[in-house]
Amino acid sequence: MRFGFGTPAWLTAEFWRGRLESVQRRFMPRQAKGESEQRIVSGGELLVPALLVTGLTLAVMISAMAVIFSAYEYRRLFNQHQILVHQWDELQVEWGQYLLEQSVWSSHHRIESLAASEMDMVVPETEAIEIVRHEQK
């Protein structure tokens, strides 16, 4: 005894020995002296292990099918992604070509030549240019 406390019951060997005996009595039935070693197992005793094995087998099969399906979906989506990336690249090239075409059509030299040839416009002389200012008071 230390500090006025006794040893707890669960630290004694008798406590654990008693627990072990009760577990053995519960799960390991004793045989009578005249009884043979082999006994016939009833259907009720086989039902639980059979259901357990069947359930675990089904769980493994369902898990395997889920893995196969997810791998298939990943490959399908990856292929679709690659197609979309290829289309995006093609659209980027086409967009660049449109920008080049726009810059060519809107160049100052081209607009000046079209104005002069189709509309008979000319660049005014510097003496003919008048600056008009609109001022509010």
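Note: Tyr74 and Phe78 have parallel aromatic rings, judged against thresholds of 30 and 60 degrees for the angle between ring planes.
Once rounded to the nearest 0.5 Å, the distance linking CG of Leu91 with OH of Tyr98 reads 9.5 Å. Interatomic distance, Glu94 CD to Glu101 CD, rounded to the nearest 0.5 Å: 10.5 Å. Atoms OH and CE, from Tyr72 and Met65 in turn, are 15.0 Å apart once rounded to the nearest 0.5 Å.
Other residues, nucleotides and ligands place no more than 12 heavy atoms under 6.0 Å from the CD atom of Gln102. Glu125 CD: 12 or fewer foreign heavy atoms inside a 6.0 Å radius. No more than 12 heavy atoms of other residues, nucleotides or ligands lie within 6.0 Å of CZ in Arg19, so this atom counts as exposed by the packing criterion. With a 6.0 Å radius and a threshold of 12 heavy atoms from other residues, nucleotides or ligands, Arg75 has its CZ atom at or below the threshold.
Taking Ile, Leu, Val, Met, Phe, Trp and Tyr as members and joining any whose side-chain heavy atoms lie under 4.5 Å apart, directly or through other members, the hydrophobic cluster of Met119 also contains Met121. Counting side-chain heavy-atom gaps under 4.5 Å among Ile, Leu, Val, Met, Phe, Trp and Tyr, the cluster of Trp95 also holds Leu99.
The main-chain N or O of Ala59 is never found under 3.5 Å from a side-chain atom of Ser63 such that the two would form a donor-acceptor pair.
Scanning both residues, Thr57 and Val53, for their nearest heavy atoms gives OG1-O, 2.7 Å. Nearest approach of Ile111 to Ser106, heavy atoms of both residues: CD1-O, 3.9 Å.
Between the side chains of Glu90 and His86, a donor-acceptor pair is found at a separation under 3.5 Å.
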